[in-house]
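Encoded as structure tokens, the structure appears first; notes follow it.
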Amino acid sequence: MSETNTEFHSGFLTLVGRPNAGKSTLLNAAVGHKLAITSNVAQTTRRQMRAVVNTDNSQLIIVDTPGLHKPKDALGKELNRATLSALEDVDVIALLIDATQEVGRGDEWVASHVRMANAPHKILLITKADLVDQQTADAQAQAAAQLADFDDVLVVSAKHGFNVKGFIDLASSYLPEGPRWFPEGMDCDLEDEELVAEFVREKAFRNLRQEIPHSLAVSCEDIEWAKDGHGSMVATILVERDGQKGIVIGKSGSMIKKIGTEARRDLERLFGVPIYLDLSVRVQPAWRRDRNEISRLGLVVDE
């Protein structure tokens with residue numbers, strides 16, 4: 001009777017790509033439930049998140065990053081810096097290319113950073129395969145494969161679960177032998193307050209006009225857990241102008257109520273208990289240009 005192979009492999013994989021390439025959607029599909037927020041608005045992802053995918057003989061830590069873009073303010077510079085820092089000291093880098101968009105200069109610019117990174121393995125993921133036909137996906141893969149020296153190319157649809165397991169298996173096959181970095185049962189490295197802020201921000205992004213979300217941030221100031229398990233959470237939505245505050249609140253408080261109701265539903269699914277969510281709005285002029293305010297919101301990476 002042959003001896004069972006008990007080697008355990010673990011390591012880190014960074015997802016990188018242009019805004020809206022599908023990084024957060026793929027992370028959620030890989031984990032099996034929603035952790036990272038998503039929307040059609042660029043810069044939805046502002047926090048670097050590490051999510052954990054466990055198998056019997058491996059632990060894959062997926063690092064979600066903000067989309068690389070040309071920054072227009074201090075916030076944009078910090079988001080790019082966070083993404084570039086996440087390319088360092090990882091075992092695998094996965095470059096995501098949207099199947100619905102022709103490979104362009106933005107992809108080439110992102111790929112240039114992937115080429116310079118010293119990760120031992122690099123894979124190319126063509127995302128959103130459900131939105132194109134096979135011929136288009138293959139052509140996109142062929143064009144994107146010229147951007148860097150990739151170990152593998154994979155076409156995926158996170159929305160429909162197509163090749164998500166294939167992605168996990170492929171990424172895990174490149175991991176070195178190592179320990180279980182995160183305990184079983186821990187699915188990400190964000191604090192509860194950070195998760196609350198993220199889920200509120202997602203609902204604001206999804207419900208407000210296109211120009212508002214870029215000027216908006218959320219901080220969670222307090223969480224209390226009652227003896228019966230109920231959660232009470234206090235969060236503040238920051239905007240840059242008084243007019244934006246009125247839009248976020250809405251007529252007779254209708255918009256902030258809608259944001260709070262939708263966020264609370266997701267938070268109850270995440271934490272598995274009834275949640276009371278207290279939301280308010282505060283004007284913080286030009287916060288995106290204030291590095292101290294960006295740091296207070298937890299959006300500055302370590303030096």
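On a predicted model such as this, the values are computed, not experimentally measured, just so you know.
- A side chain to side chain contact (heavy atoms under 4.5 Å, CB included) with Met49 is found for exactly one of Ile62, Leu190, Leu15, Ile37, namely Leu190.
- Remark: side-chain polar atoms of Asn28 are paired, donor with acceptor, to backbone N or O of Ala36 under 3.5 angstrom.
- Nearest heavy atoms, Leu95 versus Ala111: CD2-CB, 4.1 Å.
- Contact of the Asn20 side chain with the Gln101 side chain is not registered, since no non-hydrogen atoms from C-beta on lie closer than 4.5 Å.
- Minimum heavy-atom separation, Asp187 to Leu35: O-CD1, 3.5 Å.
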(request) List the steps, then state whether side-chain contact (heavy atoms from CB on, under 4.5 Å) holds for Ile123 with Leu154. (result) CA-CA 8 Å; Ile123 59 178; Leu154 198 64; over 6 Å; no
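- Using a cut-off of 4.0 Å between Lys/Arg side-chain N and Asp/Glu carboxylate O, Glu198 and Arg201 are scored as salt-bridged.
- Between Ile223 and Phe271, every side-chain heavy-atom pair lies at or beyond the 4.5 Å cut-off.
- Within a 6.0 Å sphere centred on CD of Glu221, heavy atoms belonging to other residues, nucleotides or ligands number more than 12.
- Using modelled atom types, one side-chain atom of Ser173 and one backbone atom of Leu170 make a donor-acceptor pair closer than 3.5 Å.
- Of all heavy-atom pairs spanning Leu60 and Ala171, the tightest one is CD2-CB, 3.9 Å.
- In this structure, the side chains of Glu202 and Asp266 come closer than 4.5 Å at one or more pairs of heavy atoms.
- Within a 6.0 Å radius of NZ in Lys34, other residues, nucleotides and ligands contribute more than 12 heavy atoms.
- In this structure, SG on Cys220 lies 11.0 Å from CD on Glu191, to the nearest 0.5 angstrom.
- Listed for the Ser215 side chain is no donor-acceptor partner under 3.5 Å among the backbone atoms of Glu240.
- Between Leu13 and Ala94, the shortest heavy-atom distance links the atoms CD2-CB, 4.2 Å.
- With rounding to the nearest 0.5 Å, the separation of CD in Gln284 from OG1 in Thr236 is 11.0 Å.
- Note that the NZ atom of Lys258 and the CG atom of Leu208 stand 9.5 Å from one another [nearest 0.5 Å].
- Of the inter-residue distances, the one linking Asp64 atom CG with Lys23 atom NZ reads 7.0 Å to the nearest 0.5 angstrom.
- Salt bridge annotation for Lys245-Asp242: absent, with no cationic side-chain nitrogen under 4.0 angstrom from a carboxylate oxygen.
- One side chain, Asn207 or Glu262, offers a donor N or O that lies under 3.5 Å from an acceptor on the other.
- Heavy atoms of other residues, nucleotides or ligands lying less than 6.0 angstrom from CG of Asp222 number more than 12.
- Taking each heavy atom of Ile126 and Ala144 in turn, the nearest pair found is CD1-CB, 4.1 Å.
- Remark: side-chain polar atoms of Ser254 are not paired, donor with acceptor, to backbone N or O of Gly250 under 3.5 angstrom.
- Taking each heavy atom of Gln59 and Trp181 in turn, the nearest pair found is OE1-N, 2.7 Å.
- Taking the six-membered ring where tryptophan is involved, the planes of Tyr174 and His121 are essentially parallel, since the angle between them stays under 30° and well short of 60°.
- With respect to Asp149 and Lys122, no salt bridge is recorded, no charged nitrogen being found less than 4.0 Å from a carboxylate O.
- Lys128 has a carboxylate O that lies under 4.0 Å from a charged side-chain N of Asp98, or vice versa, which qualifies the two as a salt bridge.
- Hydrophobic clustering, with ILVMFWY side chains joined whenever heavy atoms are under 4.5 angstrom apart, groups Val283 together with Val248.
- Distance alone, capped at 3.5 Å, is enough to place a donor-acceptor pair between the Thr261 side chain and the Lys257 backbone.
- For the residue pair Ser24/Thr38, the side-chain donor-acceptor check at 3.5 Å is not satisfied.
- More than 12 heavy atoms of other residues, nucleotides or ligands sit less than 6.0 Å from atom CG of Asp278.
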(request) Evaluate side-chain contact (heavy atoms from CB on, under 4.5 Å) for Asp133 paired with Thr136, printing each intermediate quantity in order. (result) CA-CA 5 Å; Asp133 57 31; Thr136 302; 2.7 Å; yes
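- A donor-acceptor contact shorter than 3.5 Å links the side chain of Asp107 to the backbone of Gly104.
- Hydrophobic clustering (side-chain heavy atoms under 4.5 Å, transitive across Ile, Leu, Val, Met, Phe, Trp, Tyr) groups Ile61 together with Met186.
- Linking Ile, Leu, Val, Met, Phe, Trp and Tyr residues whenever their side-chain heavy atoms come within less than 4.5 Å places Phe205 and Met255 in a single cluster.
- Within the 4.5 Å cutoff, the side chain of Asp130 has no heavy atoms near those of the Phe162 side chain.
- Cluster annotation: Val153 and Val103 are assigned to the same hydrophobic cluster (Ile/Leu/Val/Met/Phe/Trp/Tyr, side-chain heavy-atom contacts under 4.5 Å, transitive).
- Side-chain N or O atoms of Arg288 include one that pairs as donor or acceptor with a backbone N or O of His214 at under 3.5 Å.
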(message) Assess the residue pair Phe199 and Val218 against the criterion (side-chain contact (heavy atoms from CB on, under 4.5 Å)); give the C-alpha distance rounded to whole Å, side-chain angles, the decisive distance to 0.1 Å, and a yes or no.
(response) CA-CA 9 Å; Phe199 276 67; Val218 180; over 6 Å; no
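- A donor-acceptor pair under 3.5 Å is absent between the side-chain atoms of Glu193 and the main chain of Ser219, judged by distance alone.
- Counting only distance, with no hydrogens or angles, the side chain of Thr65 and the backbone of Gln48 share no donor-acceptor pair below 3.5 Å.
- The number of heavy-atom neighbours closer than 6.0 Å to CD of Glu268, taken from other residues, nucleotides and ligands shown, is above 12.
- Cluster membership check: Leu27 shares its hydrophobic cluster with Leu270, using side-chain heavy-atom separations under 4.5 Å among Ile, Leu, Val, Met, Phe, Trp and Tyr.
- Defined by atom type and a distance below 3.5 Å, a donor-acceptor pair is missing between the side-chain atoms of Asn80 and Thr83.
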(message) side-chain contact (heavy atoms from CB on, under 4.5 Å), that's the test. Do Ile97 and Leu147 meet it? Break it down for me.
(response) CA-CA 11 Å; Ile97 301 289; Leu147 296 174; 4.1 Å; yes
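- Distance CG/Leu175 to CG/Asp91: 6.0 Å, rounded to 0.5 Å.
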(request) Walk me through it: do Arg105 and Glu108 pass the test salt bridge (charged side-chain N to carboxylate O under 4.0 Å, His left out)? (result) CA-CA 5 Å; Arg105 293 177 62 183; Glu108 294 171 0; 5.7 Å; no
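- Considering CD1 of Ile275 and CG of Leu277, their distance stands at 8.5 Å, rounded to 0.5 Å.
- Screening Gln134, Gln135, Gln140 for a side chain to side chain donor-acceptor pair (under 3.5 Å) with Asp138, the sole residue that qualifies is Gln134.
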